[in-house]
Amino acid sequence: MAIQEEIRKGALKLIWSYILDYENSKNPFRERRNQISTWRKYSTEEIVENKKLLDIARTLRGHGIKKIDTLHIASAIYAGADYFLTTDDGILKKATLIKDTHVTDPIGFIKEVLI
């Protein structure tokens, strides 16, 4: 909730990507889909698929990261994001392999940035 509040206030920037739209469209729960899509209005940048992003994703795929996850991370890297937040244990276990953005979970982010 603290991170969400900082985004709403404009103290943190949220980057939105085409892969978020795609993944959210697959959510079987309409209410959750709607709640997630409302966050788009707080984004400061929207990333669309492009060759450079796909090249970054291919490199990440070489580290054994799942295809859809590589697209999320590549979107963050392409946008120049300082942080990529996730609760996905598979991504977090490989965080040290990702050099172009700091991968952490929300609690780690709060401890490192907000406190």
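Sequential numbering from 1 along the given sequence is applied to the chain's residues.
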- Should Trp39 and Gln4 count as side-chain neighbours, where that means a heavy-atom distance under 4.5 Å? yes
- Separation between CG (Asn50) and CD1 (Ile56), nearest 0.5 Å, reads 8.0 Å
- With side chains defined as the heavy atoms from C-beta onward, is the minimum distance between Thr86 and Asp69 less than 4.5 Å? no
- Message: Using 0.5 Å steps for rounding, measure from the CG atom of Leu20 to the CD atom of Glu46.
- Response: 10.0 Å
- Query: Does Lys9 have any salt bridge (Lys or Arg N to Asp or Glu O under 4.0 Å) partners at least two apart in sequence or in another chain, and if so, which?
  - Reply: Glu6
- Any Lys/Arg nitrogen of Asp55 or Lys52 sitting under 4.0 Å from an Asp/Glu carboxylate oxygen of the other? no
- Query: Should Leu14 and Phe109 be regarded as members of a common hydrophobic cluster, given that ILVMFWY residues are connected when their side-chain heavy atoms come within less than 4.5 Å of each other, either directly or indirectly?
  - Reply: yes
- Message: Could you report the tightest heavy-atom contact between Ala79 and Ile47, atom names first, then the distance?
- Response: CB-CD1, 3.7 Å
- Message: Please check if the number of heavy atoms outside Leu97 that lie under 6.0 Å from its CG is greater than 12.
- Response: yes
- Message: Could you see if Val48 belongs to whatever hydrophobic cluster contains Ile73? Use Ile, Leu, Val, Met, Phe, Trp, Tyr and a side-chain cutoff under 4.5 Å.
- Response: no
- Identify whether Leu85 and Val113 are in the same connected component of the hydrophobic contact network (ILVMFWY, side-chain heavy atoms under 4.5 Å). yes
- Would you check if Leu53 and Leu71 make a side-chain contact, meaning some heavy-atom pair closer than 4.5 Å? yes
- Hey, any chance Tyr22 and Ile91 share a hydrophobic cluster, counting ILVMFWY side chains that come within less than 4.5 Å of each other, even indirectly? yes
- Note on the structure: For Ala2 and Ile110 the tightest heavy-atom approach is CB-CD1, 4.4 Å
- Query: Are Asp82 and Thr101 side-chain neighbours, meaning at least one heavy-atom pair lies under 4.5 Å?
  - Reply: no
- Message: Please give me the minimum heavy-atom distance between Ser17 and Ser75, naming the atom from each residue.
- Response: CB-OG, 3.6 Å
- Item | Over all atoms of both residues, closest heavy-atom pair of Asn24 and Arg32 | OD1-O, 4.2 Å
- Item | Check: Thr87 main-chain N/O paired with Asp105 side-chain donor or acceptor under 3.5 Å | no
- Message: I need the Leu60 CG to Lys66 NZ distance, nearest 0.5 Å.
- Response: 14.5 Å
- Where is the tightest heavy-atom contact between His102 and Glu112, given as atom of each residue plus distance? NE2-OE1, 3.3 Å
- Take Glu5 and Met1 through the side-chain contact (heavy atoms from CB on, under 4.5 Å) test and state the conclusion after the steps. CA-CA 6 Å; Glu5 184 57 29; Met1 298 301 279; over 6 Å; no
- Message: Starting from Tyr83, can I reach Ile65 by hopping between I/L/V/M/F/W/Y residues whose side chains sit under 4.5 Å apart?
- Response: no
- Query: How many angstroms lie between atom CG of Leu12 and atom OH of Tyr42, to the nearest 0.5 angstrom?
  - Reply: 13.5 Å
- If every non-hydrogen atom of Ser37 is compared with every non-hydrogen atom of Trp16, which pair is closest and at what distance? CA-CH2, 4.3 Å
- Task: Describe, in one word, how the ring planes of His72 and Phe84 are oriented to each other, choosing from parallel (under 30°), tilted (30 to 60°) and perpendicular (over 60°).
- Result: tilted
- Task: Scan residues 14-25 for pairs that pass salt bridge (charged side-chain N to carboxylate O under 4.0 Å, His left out), counting only residues two or more places apart or in two chains.
- Result: Asp21-Arg40
- How far does CZ of Arg61 sit from CD1 of Ile68, to the nearest 0.5 angstrom? 11.5 Å
- Message: If you define the side chain from C-beta out and look only at heavy atoms, does anything of Ile77 sit under 4.5 Å from Ile98?
- Response: yes
- Task: With rounding to the nearest 0.5 Å, note down the distance linking NZ in Lys13 to CD1 in Ile7.
- Result: 12.5 Å
